Every structure is written in structure tokens, then in C-alpha cells.
S.K.: 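Handing you this structure, nothing more for now.
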Amino acid sequence: RFILTTNELFEMEELPKTLGVLGLGAIGAEMAQALSRLGVDVVAAERGQSVAGLRDPAVADCANEIFAKEFTIWKGKTASIAAHNAGVELRSGDRVKPVDKVLVSLGRRPSLKSLQLENAGVKLDERGIPIYDLGTLQVIGHPIFIAGDADGQRPILHEAADDGRIAGFNSVAQRAKTFRRKTSLAIAFCEPNIALVGTGYEELPPGSLQGEVSFANQGRSKILGENRGLLRLYAEPRNGRLIGAEMVAPRGEHLAHHIAWLIQQAVSVDDALRLPFYHPTVEEGLRTALKSVRLGRAAK
């Protein structure tokens with residue numbers, strides 16, 4: 001077998017010398033970098049233009065530049081595979097590379113077909129998922145509730161746990177309640193971390209305030225030898241309330257949580273700048289980005 005899932009890769013007694021990775025989402029990026037650092041010659045094919053779902057062009061370009069120094073990245077074309085001698089050939093546009101194995105990291109789909117929900121009159125979308133209310137998690141027109149990976153929205157453990165609470169509550173309530181969801185977080189545990197928080201770049205309202213900080217010259221990041229990356233912040237144009245962020249950054253998993261908490265509490269840029277920032281820390285980079293939003297220009 002030349003096609004691997006992540007679980008099958010973990011079970012291998014010996015790593016392949018060359019590996020193709022289909023898809024550079026969070027798992028694909030993490031595995032490609034880890035295996036490259038273990039000495040595997042990795043080429044990763046992504047039909048989009050960015051690593052780990054980044055949408056802000058500046059952050060995506062920064063991440064592509066960082067990770068391209070560790071393994072080969074093919075972007076912008078749908079990849080295909082074909083048998084080749086004792087291995088497999090990875091193709092993307094006019095680019096071709098023979099590899100020993102291919103790791104398929106293209107996400108997963110809810111496995112609902114065996115339930116035959118359509119026989120109960122449940123309307124399904126084009127992916128075979130029931131049409132349901134995002135706030136109550138109730139399948140439209142039926143006393144059925146959907147939660148976790150089955151809903152195809154946020155297939156992450158902490159989100160599934162919240163789904164379970166909402167669906168469980170509403171399934172025994174006389175009337176289903178609409179719940180406000182927590183600020184969204186998506187983190188890829190590569191190095192540096194990649195994170196998306198709150199409102200994404202492509203969903204920003206017109207006139208949104210934006211600011212950034214580069215970690216190339218950020219004090220603590222330089223001390224750590226991790227001075228690479230970019231954080232971009234987004235805020236409401238009317239009141240300066242923080243609404244989102246994208247980053248490829250050292251200690252990004254922590255920065256992402258701080259920003260998510262600020263967004264959840266509807267904190268403005270000015271109010272966030274009144275909070276304490278210890279010196280020297282990576283979090284000082286967040287303060288620089290906040291100042292950049294307030295000044296309406298990109299920080300150098």
C-alpha cells in the first residue's frame with residue numbers, strides 16, 4: 001500500500017525516505033514539518049494558496065515562506081497520484097515527484113449515510129448532512145439533535161463538547177434554546193504556531209480596522225531564537241472592538257487564547273491596551289499589534 005492515513009503512518013515500523021502529503025490543513029502542515037525534521041524528504045501539495053487555512057494574504061505569504069524552507073510546497077493545483085515503479089508518483093500541474101508513500105490529509109466527512117435519515121423525511125444538504133439550526137443544533141422539522149463531528153462544522157474536541165451540552169440540554173427541554181457560541185479558535189501546532197481567531201479575513205465587515213506586528217525584531221522572540229512570523233488583528237470600524245486575528249507566530253497558541261478571550265468579552269483596542277503587558281515577553285508583540293490597529297498603520 002502506498003496511500004497512508006495519519007494513524008497508519010504512526011503504526012509504521014520504519015519511516016519512508018520520501019513522502020508526498022496531500023493537503024496542507026492543520027494536520028498536513030504539522031505532519032509535513034515533523035516528518036521533514038525527522039529526515040524524510042517531504043513534498044506537500046495544496047490546491048489552495050496557503051498553509052493551515054490562512055486567508056489573510058500577508059500572513060499566508062509569511063507562513064508559506066517559513067515552511068518552504070523546511071519542505072517542498074506545491075500550491076494552487078489539484079494533485080493526483082499514479083503508480084510508479086516500487087512507489088507512487090505525485091503530480092500537481094506540471095510538477096512531478098516520485099515518492100515512497102503518500103499521506104492523505106484532506107479532512108474527514110461525517111459518516112451518516114448508514115442512518116438513512118432521508119427515510120425519516122430529514123432534508124440533507126449536498127454533503128449528506130441534515131439541515132439543522134446552528135444555534136439550537138436541532139434538525140429542522142424533527143425532534144433530532146446533531147452534535148460533534150456529525151454536524152461537519154468544527155470537528156474539534158472542545159467544540160464537540162459544547163455541541164453535546166447544547167444538544168443534550170435542548171433534547172430534554174420543552175422548547176429548544178438558541179445558544180451563543182464561544183469565539184472560534186483554530187490552531188495548528190507546527191513551529192511557529194498558526195492560529196485563526198474569531199472573524200476570518202474573508203468575512204471582515206467593510207472598513208474594518210487592521211494592524212499587525214512582525215516577530216522578526218520582537219525582543220523575546222529574538223532571545224528565544226524564534227523571531228519569525230506575523231500577527232494581524234482586526235477590529236470593528238465603529239467602536240474599535242476586536243473581532244478577529246490570523247497569525248503565524250512564536251507561542252501563537254497562547255496569543256490566540258488571549259485574543260479569543262478579548263473578543264469573547266467584547267473588548268476594544270483601547271481597553272486592551274490598558275491591560276498589563278510584562279517585559280520581556282512574546283505577548284508584548286500583541287501590544288504592538290494593538291497599537292498598530294489604533295494608529296491605523298502597520299507596525300514595523
Side-chain angles (χ1 to χ4, degrees), residues 1-12 15-38 40-57 59-84 87-111 126-129 149 151-157 159-160 184-196 200-202 246-248 252-253:
R1 293 188 59 187
F2 304 118
I3 311 302
L4 299 172
T5 64
T6 305
N7 288 341
E8 290 169 333
L9 180 65
F10 290 153
E11 294 171 358
M12 293 183 67
L15 290 175
K17 291 183 172 61
T18 58
L19 180 74
V21 177
L22 290 181
L24 268 180
I27 301 298
E30 292 167 358
M31 296 304 299
Q33 184 182 56
L35 290 165
S36 176
R37 293 185 174 189
L38 288 172
V40 179
D41 180 13
V42 175
V43 55
E46 167 59 46
R47 67 180 180 180
Q49 294 293 334
S50 62
V51 176
L54 291 168
R55 292 293 179 265
D56 188 307
V59 183
D61 288 347
C62 183
N64 289 335
E65 181 180 350
I66 289 171
F67 292 102
K69 294 177 180 178
E70 298 201 46
F71 54 90
T72 301
I73 300 176
W74 293 345
K75 300 177 297 178
K77 299 286 185 180
T78 299
S80 63
I81 55 176
H84 178 80
V88 64
E89 193 172 68
L90 181 64
R91 301 172 180 171
S92 177
D94 58 359
R95 297 162 293 197
V96 180
K97 182 177 177 66
V99 293
D100 297 327
K101 303 281 186 179
V102 171
L103 173 66
V104 179
S105 182
L106 300 175
R108 56 191 183 275
R109 297 176 180 175
S111 180
E126 65 278 2
R127 299 173 299 166
I129 299 174
D149 289 3
D151 64 24
Q153 286 293 319
R154 299 176 179 178
I156 308 171
L157 178 59
E159 294 288 355
S184 63
L185 266 172
I187 301 173
F189 294 98
C190 37
E191 186 183 39
N193 299 150
I194 291 175
L196 298 89
Y201 181 82
E202 294 178 340
E246 290 193 23
M247 72 189 78
V248 52
E253 59 179 297

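Predicted model, so just to flag it, every value in this text is computed and none were measured. By convention here, the first residue in the shown sequence is residue 1.
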S.K.: Using every non-hydrogen atom in the two residues, find where I187 and A195 come nearest and quote the distance to one decimal.
M.R.: CG1-CB, 4.2 Å
S.K.: What's the spacing between E159 CD and Q153 CD if we round to 0.5 Å?
M.R.: 10.0 Å
S.K.: Would you give the length of the straight line joining atom CD1 of I66 to atom CG of D61, rounded to the nearest 0.5 angstrom?
M.R.: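 If we round to the nearest 0.5 Å, I66:CD1 and D61:CG are 11.0 Å apart.
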S.K.: May I have the list of side-chain donor-acceptor pairs in residues 15-27 shorter than 3.5 Å, sequence neighbours left out?
M.R.:
residue : atom : partner : partner atom : Å
T18     : OG1  : D100    : N            : 2.8
T18     : OG1  : D100    : OD2          : 3.4

S.K.: For E253 and F189, which heavy atoms make the closest approach, and how far apart are they?
M.R.: OE1-CE2, 3.7 Å
S.K.: Taking side chain to side chain donor-acceptor pair (under 3.5 Å) as the cut-off, I'd like each qualifying pair that reaches into residues 20-31, sequence neighbours left out, listed once.
M.R.: none
S.K.: Please report the shortest heavy-atom distance between A63 and I194, naming the atom on each side.
M.R.: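 Looking at all heavy atoms of both residues, the shortest contact is CB-CD1, 4.4 Å.
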S.K.: Atom NZ of K75 and atom CG of N64: how far apart are they, to the nearest 0.5 Å?
M.R.: 4.0 Å
S.K.: For V248 versus F67, what's the shortest heavy-atom pair and its separation?
M.R.: CG2-CE1, 4.3 Å
S.K.: Supply the atom-to-atom distance L103 CG to L35 CG, rounded to the nearest 0.5 angstrom.
M.R.: 7.5 Å
S.K.: Looking only at heavy atoms, what is the nearest atom pair of K97 and V43, with distance?
M.R.: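 The pair with the smallest heavy-atom distance is CD-CG1, 3.5 Å.
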S.K.: Side chains of residues 47-57: which donor-acceptor partners sit under 3.5 Å, not counting sequence neighbours?
M.R.:
residue : atom : partner : partner atom : Å
S50     : OG   : L54     : O            : 2.6
R55     : NH1  : G53     : O            : 3.3
D56     : OD1  : A58     : N            : 3.0
D56     : OD2  : R232    : NE           : 3.0
D56     : OD2  : Y234    : OH           : 2.7

S.K.: To check you understand the geometry: which heavy-atom pair defines the closest contact between V59 and E246, and what is its length?
M.R.: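 The answer is CG2-O, 3.8 Å.
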S.K.: Is it true that a side-chain atom of S36 and a backbone atom of E70 form a donor plus acceptor pair closer than 3.5 Å?
M.R.: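 Looks like yes, one N/O pair under 3.5 Å.
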S.K.: With side-chain contact (heavy atoms from CB on, under 4.5 Å) as the criterion, how do S184 and R154 come out once you've worked through the C-alpha distance, each side chain's angles and the decisive distance to 0.1 Å?
M.R.: CA-CA 9 Å; S184 63; R154 299 176 179 178; 3.5 Å; yes
S.K.: Please report the interatomic distance NZ(K77) to CZ(R95), rounded to the nearest 0.5 Å.
M.R.: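 It comes to 7.5 Å.
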S.K.: Verify side-chain contact (heavy atoms from CB on, under 4.5 Å) between R91 and W74, making sure each step is shown before the conclusion.
M.R.: CA-CA 10 Å; R91 301 172 180 171; W74 293 345; 6.0 Å; no
